[in-house]
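Note sheet for the following structure.
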There are 2 protein chains.
Amino acid sequence: MAVHLGNAKRVGIIDVAREAGVSTATVSFVLAGKEQVADATRERVLEVVRRLGYQRNRHARALRRGASRSLSALVPDVTNPFYAELIAAIENAASSQGWMLSLMNCQLDRAREVSYLNTVFDEVPDGIIYVPMTSDAVLEVESRFDSGPPIVIVDEITSHAGVGSVSVDNEAGARMAARHFRSLGRRRALVTGPPQGLPTSQSRSTGFIDEAAKVGLEVAHAAFGEVRTSDAGAVAADLLLRDRSIDAYFAGNDFLAIQVLFELQRAGLRVPEDIAICGFDGIAWGQMITPRLTTVRQPIHLIASTVIDLISKPVDEHHEIVLPVEFVRGQTT
Amino acid sequence: MAVHLGNAKRVGIIDVAREAGVSTATVSFVLAGKEQVADATRERVLEVVRRLGYQRNRHARALRRGASRSLSALVPDVTNPFYAELIAAIENAASSQGWMLSLMNCQLDRAREVSYLNTVFDEVPDGIIYVPMTSDAVLEVESRFDSGPPIVIVDEITSHAGVGSVSVDNEAGARMAARHFRSLGRRRALVTGPPQGLPTSQSRSTGFIDEAAKVGLEVAHAAFGEVRTSDAGAVAADLLLRDRSIDAYFAGNDFLAIQVLFELQRAGLRVPEDIAICGFDGIAWGQMITPRLTTVRQPIHLIASTVIDLISKPVDEHHEIVLPVEFVRGQTT
DNA sequence: CTGAAAGCGCTTACAG
DNA sequence: CTGAAAGCGCTTACAG
């Protein structure tokens, strides 16, 4: 393991105490900002702390206090802008409460997800934020949920006692998309689930299909249970190019919608003239590109603050919270 | 703080030892996979571990062993796809060596960067991977670098002893862009630095300006020292729209290049006919959009594996490593 | 092959 | 206002 230069040893609280001529208790009090220390003593200690460059050892601290002031988050893929934005929002909310956020990125890899799910408890975090990639993984570790820190699951509803969940009304959002396509006079739509069988995909496609039937929109359905994100766009575009009777496309998420949009453009199709596209998530990229993406927007910041609220509460006050979505008309429909 | 249900207490190694009728030493040996334990004993211990759902406390472990098997990474902004891809690559390389990656996201906020830089040492990580947002922040904590875990700085060269650095040949890449524009017959170019004065911006614009002078390409220069990413695209686009004599644009990075590309399209300009655009980074998005982005590609996976290599080495073997870049012609030039 | 015991670096009652 | 001492949950020489 990496050895350090000459100055091998890290300076500890004992070094500070000795140098300042006080006990470690006093150093600790000063660092904790307790009032009960004489000003002169405080000054002296702080000076030594600064001079020696002393930093408290987080592990010793956490061990002794039984709380680490840190949260661990498990996400499917930081490379997907929706998760990146969600992480940024959650980190914001967490740090305003004095929590560090430690991140575990599953990279759309099931094995990695399970492994992280197993090791996250070792971290002894004050709370766990879990954005599931697959439903299977949740089941595998559900028993672990009984003891340990509060857990909040994002984007999937769980009935496990003591586990909170924050998700959005996926079904309602999907219905909005179906009605929108119909109001535009579109006749036949394709709906695809997000890759890797993300749990939310189910209610999105179900909601869309159901509403489509009600309003008289024909639906072709394709699920990408096992397709990796990088291929999903090409596969969906291929389906659309092959069946030109389809004039509307409801993607499982914005990332996918955007990939398909450009694939179609490259193949010479016009959006929205030849085919209308609607995404889901409301990522910033959707409004950055030309044409701007029509989508169903999730309230990312509200999700983040709700997650942190829930984490801070006693576990028996955990609930399943479902937040509303908003339809955003862009230029792709 | 969040209290848990009835089963308050976390099961510890003592609980396991008692239940299995052995000492904690034996439990520890079994968990560490040491051979010196009788098969029957091992079985019994493992059964109890499973039944009780025991998980080792990482803090106690790290404290005792003096190593945490974890790395901490500080990055400017996970929302920028380049950093997202870099993180994913680094995490991959790290986990293949058995390291956890803990992430601190500065969110393009200087205050947050400094604060993270101060607390990262508390984590007692086995190594620190630091992608600086500003040069100032580095200076503020340089003294801390003398003791503590190995540090690898990404994307900026540092001369601090014992600190390794991995970056790419930004200047050479910028020169490629200038020559490319010239070979296309472009006459007047705009070059902008990445927002927030990212350290790399300096050599990119310097290299571009210098080479442009050599090959006879006129240059208008604009730096975005204080502009947040979300505005930078609009500001740059505005400059380009105002001065129509400019027929080439070298953005400091792909993220910015893409934003400007679409801004220009919305304003009715044609790319590359009216204006050619070249980015820097080689993010996946650049090849996903239409038109595909011309760019200078950084070898992300090589950067990641080099970083991990360096972290694993004794500090006195740390070096400044500069990796090559590759010019990628897309459809925006 | 197994156990008793020290000690990692802190914080926090408890005395004084 | 300050210090001596216990203890958080592990791992690891050291004995046996």
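In this text, all values refer to a predicted model and were calculated from it rather than measured experimentally. Naming convention: chains lettered A, B, ... in sequence-line order (proteins, then strands); numbering from 1 in each chain.
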How would you give the extent of chain B contacts on DNA chain C, as first and last nucleotide 5' to 3' within a 4.0 Å heavy-atom cut-off? C/dC1 to C/dG9
Using heavy-atom distances to pick each residue's nearest nucleotide on DNA chain C, tell me which of B/Thr26 and B/Arg65 is more 5'. B/Thr26
Using the closest heavy atom to pick a nucleotide of DNA chain C for each, name whichever of B/Leu63 or B/Phe29 lands nearer the 5' end. B/Phe29
Is any side-chain heavy atom of [X] closer than 4.5 Å to a side-chain heavy atom of [Y]?
| X | Y | result |
| --- | --- | --- |
| A/Glu91 | A/Trp99 | no |
| B/Ser72 | B/Ser102 | yes |
| B/Glu19 | B/Val48 | yes |
| A/Val75 | A/Tyr130 | no |
| A/Ile151 | A/Ile153 | yes |

Using a cut-off of 4.0 Å on non-hydrogen atoms, how would the nucleic acid contact of [X] be classed: base, sugar-phosphate, or nothing?
| X | answer |
| --- | --- |
| A/Ser28 | base |
| A/Ala25 | base |
| B/Gly12 | sugar-phosphate |

Stepwise, does the side-chain contact (heavy atoms from CB on, under 4.5 Å) test hold for B/Tyr83 with B/Val131? CA-CA 9 Å; B/Tyr83 296 121; B/Val131 189; 3.7 Å; yes
Which pairs would a plain distance check flag for residues 34-42 of chain A, meaning a side-chain donor or acceptor within less than 3.5 Å of a matching protein atom at least two apart in sequence or in another chain?
residue: A/Arg42; atom: NH2; partner: A/Val37; partner atom: O; Å: 3.2

Give me the one residue out of B/Leu310, B/Leu74, B/Ile303 that meets side chain to side chain contact (heavy atoms under 4.5 Å, CB included) with B/Val154.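 Filter result, single survivor: B/Ile303.
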Sort by first number and list every stem of DNA chain D: at least 3 consecutive Watson-Crick or G-U wobble pairs, both distances under 3.5 Å.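 As far as DNA chain D goes, consecutive pairing (with distances under 3.5 Å) yields the stems C:1-3 with D:14-16, C:5-12 with D:5-12, C:14-16 with D:1-3.
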